[in-house]
Amino acid sequence: MARKKFRAEFRKNRGSRQRENDLTRDFQADRHNEDHTRDERISGKGELTRKRTIIGDVAADDAGLTAQPGIDLSVCRRGRVLSVFGLTSLVEDETGAHYQCATRRLLKTLATDQRHVVAAGDYVYFRPAAEQEGIIERVERRHGVLSRMSKGRRHIMVTNVDQLLVIGSAAEPYLKPNLIDRFLVSAEQAGLRPIIGINKVDLADPADLQPLVGVYARMGYRVLLLSARQNMGIARLRQWLGGYSTVIVGQSGVGKSSLLNAVQPDWNLRTSHVSADNQKGRHTTTTAKLLKLDSGGYVVDTPGIRQFQLWDIIPEEVAGHFRDLRPYANLCKYPNCTHTHEAHCAVKDGVADGFLDARRYESYCALVENNEPFADWD
Ligand code: GDP
Ligand code: ZN
């Protein structure tokens with residue numbers, strides 16, 4: 001993901017009263033301070049002000065760092081954008097009521113890329129107008145942005161995501177651990193908590209899956225054996241999804257729709273029969289839709305995101321996103337070691353000595369040597 005440094009003014013002694021009618025900057029800086037400490041490096045030691053360098057998704061910061069119009073909080077309501085269709089956003093307020101919202105013109109002109117003024121997942125302030133209609137006045141700073149490159153432009157698919165639910169299947173289609181690893185790298189890079197689900201365990205002997213599950217679990221990942229058909233693991237999955245915004249990914253046919261329908265039957269998502277022909281070259285919509293969980297939180301459903309490519313990572317960064325390899329990579333003789341052909345490589349030693357899982361290492365090598373996004377997709 002292209003990263004860029006921003007320098008933003010950060011006022012330490014904000015008065016809480018002035019904040020409401022000030023421009024958004026203070027508000028945003030404040031939120032950022034609470035939620036994104038992980039992403040920021042503070043430099044300089046000024047008494048009243050200090051400069052902060054914020055590392056973040058460039059497009060994601062458009063809405064945050066641009067000074068946005070002041071809004072009247074006595075008439076504006078906070079809500080979340082569930083989906084965007086053309087110029088209209090479907091916004092849910094905090095009571096659960098839905099509004100079809102246009103976007104205030106001033107807000108549009110302030111953004112650097114019109115298409116990213118409002119995205120699915122955004123938290124917004126909107127002014128209710130006619131019944132169930134409104135105008136979006138302000139977009140809150142985003143975190144957890146999933147975007148993809150399309151014709152050289154960054155296209156935001158969904159914002160404010162917390163978790164990435166990576167689904168594979170034990171059979172039909174057969175399990176592809178390398179694909180899971182690839183999604184894990186994407187999740188680590190985007191700062192999302194991964195959950196790994198292996199579906200269709202009714203078609204396999206769970207004992208065969210245990211070694212793989214063990215490798216992921218030892219790295220600290222949440223792993224679930226699932227069967228949408230036999231309702232296995234669904235209660236736990238529902239529990240892990242509750243209260244968060246989760247994007248579900250995995251190749252087609254592994255049972256994502258079936259699992260979501262098992263988690264919440266009233267979603268009624270369309271399931272498909274496994275057919276390779278069917279999937280290849282099919283142009284699916286990329287419109288993201290947030291589905292509300294009865295237990296709180298959202299699952300983001302969109303066929304476009306399901307097969308997304310978050311893959312603009314440079315090979316040198318991959319090892320840092322392999323949780324198991326990372327501590328060894330720090331011990332290599334050469335700081336720019338790729339852990340592939342070098343002698344004196346601590347990662348390779350770790351594999352040879354049995355401390356690191358050989359399959360994970362091979363998966364790493366496949367990723368850095370064949371840095372082609374999802375070459376083996378369906
Ligand atoms: P998606 O493309 O990932 O959304 O997959 P679908 O939910 O459409 O499911 C693809 C196929 O797998 C359908 O024929 C489902 O009936 C089947 N399927 C889904 N979950 C399971 C499961 O747990 N066990 C078995 N045996 N089949 C399943
Ligand atoms: Zn090395």
Side-chain angles (χ1 to χ4, degrees), residues 164-176 179-180 183 196-206 209 224-237 246-265 267-280 282 284-285 289 291 299-308 315-320 322 324-353 355-356 360-362 364-365 367-369 377-378:
L164 192 70
L165 174 60
V166 180
I167 302 293
S169 56
E172 299 176 19
Y174 62 87
L175 193 60
K176 292 180 182 153
L179 197 51
I180 294 176
F183 277 127
I196 302 163
I198 299 173
N199 190 35
K200 307 198 190 184
V201 295
D202 53 288
L203 299 178
D205 181 351
L209 299 165
L224 269 181
L225 293 182
L226 298 160
S227 170
R229 184 155 294 174
Q230 297 183 344
N231 211 42
M232 182 184 154
I234 302 299
R236 177 63 61 84
L237 177 60
T246 307
V247 166
I248 182 167
V249 293
Q251 70 178 130
S252 54
V254 294
K256 295 181 295 299
S257 305
S258 307
L259 287 168
L260 294 182
N261 285 337
V263 165
Q264 196 155 316
W267 284 342
N268 272 320
L269 300 173
R270 211 159 53 92
T271 59
S272 57
H273 294 287
V274 186
S275 157
D277 298 350
N278 225 340
Q279 303 297 335
K280 282 213 173 102
R282 193 166 77 177
T284 43
T285 165
K289 207 165 78 185
L291 303 170
V299 172
V300 182
D301 181 55
T302 141
I305 287 181
R306 287 164 167 208
Q307 303 185 11
F308 77 127
E316 296 80 72
E317 285 180 346
V318 174
F322 269 69
D324 42 352
L325 270 52
R326 185 168 49 205
Y328 290 82
N330 291 332
L331 303 173
C332 291
K333 183 170 177 187
Y334 308 109
N336 57 350
C337 185
T338 66
H339 325 299
T340 51
H341 59 273
E342 293 88 348
H344 312 293
C345 170
V347 171
K348 284 161 71 177
D349 288 346
V351 178
D353 295 342
F355 294 115
L356 289 171
R360 281 277 294 175
Y361 174 67
E362 281 162 17
Y364 164 81
C365 291
L367 270 181
V368 291
E369 281 162 9
W377 187 255
D378 279 315

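When a residue number appears, it is its place in the shown sequence, counting from 1. Order of appearance sets the numbers: ligands from 1, and atoms from 1 within every ligand.
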Looking only at N/O atoms, are [X] and ligand 1 under 3.5 Å apart anywhere?
{"X": "S252", "value": "no"}
{"X": "A228", "value": "yes"}
{"X": "R270", "value": "no"}

At a 4.0 Å threshold, what atoms of ligand 1 neighbour a non-hydrogen atom of [X]?
{"X": "T271", "answer": "7 (O), 8 (O)"}
{"X": "S227", "answer": "23 (O)"}
{"X": "L203", "answer": "26 (N)"}

Report all side-chain donor-acceptor pairs from residues 227-235 shorter than 3.5 Å, counting only partners two or more places apart or in another chain.
unit_1	atom_1	unit_2	atom_2	d
S227	OG	D202	OD1	2.8
S227	OG	R229	N	3.4
S227	OG	Q230	N	2.9

Practice problem: Run the numbers on I167 and L165 for side chain to side chain contact (heavy atoms under 4.5 Å, CB included), then give the verdict. | Solution: CA-CA 6 Å; I167 302 293; L165 174 60; 3.8 Å; yes
Practice problem: Quick one: give me the number of protein N/O/S atoms under 2.8 Å from the Zn ion (ligand 2). | Solution: 4
Quiz prompt | side-chain hydrogen bond (donor to acceptor under 3.5 Å, both in side chains) partners for T338, two or more places apart | solution = T340, E342
Quiz item: Which residue pairs satisfy the salt bridge (charged side-chain N to carboxylate O under 4.0 Å, His left out) criterion with at least one member in residues 324-341, sequence neighbours excluded?
Solution: D324-R360
Practice problem: Report the part of N199 (side chain from C-beta onward, or backbone N, CA, C, O) that has a heavy atom under 4.0 Å from ligand 1; answer both or neither where that applies. | Solution: side chain
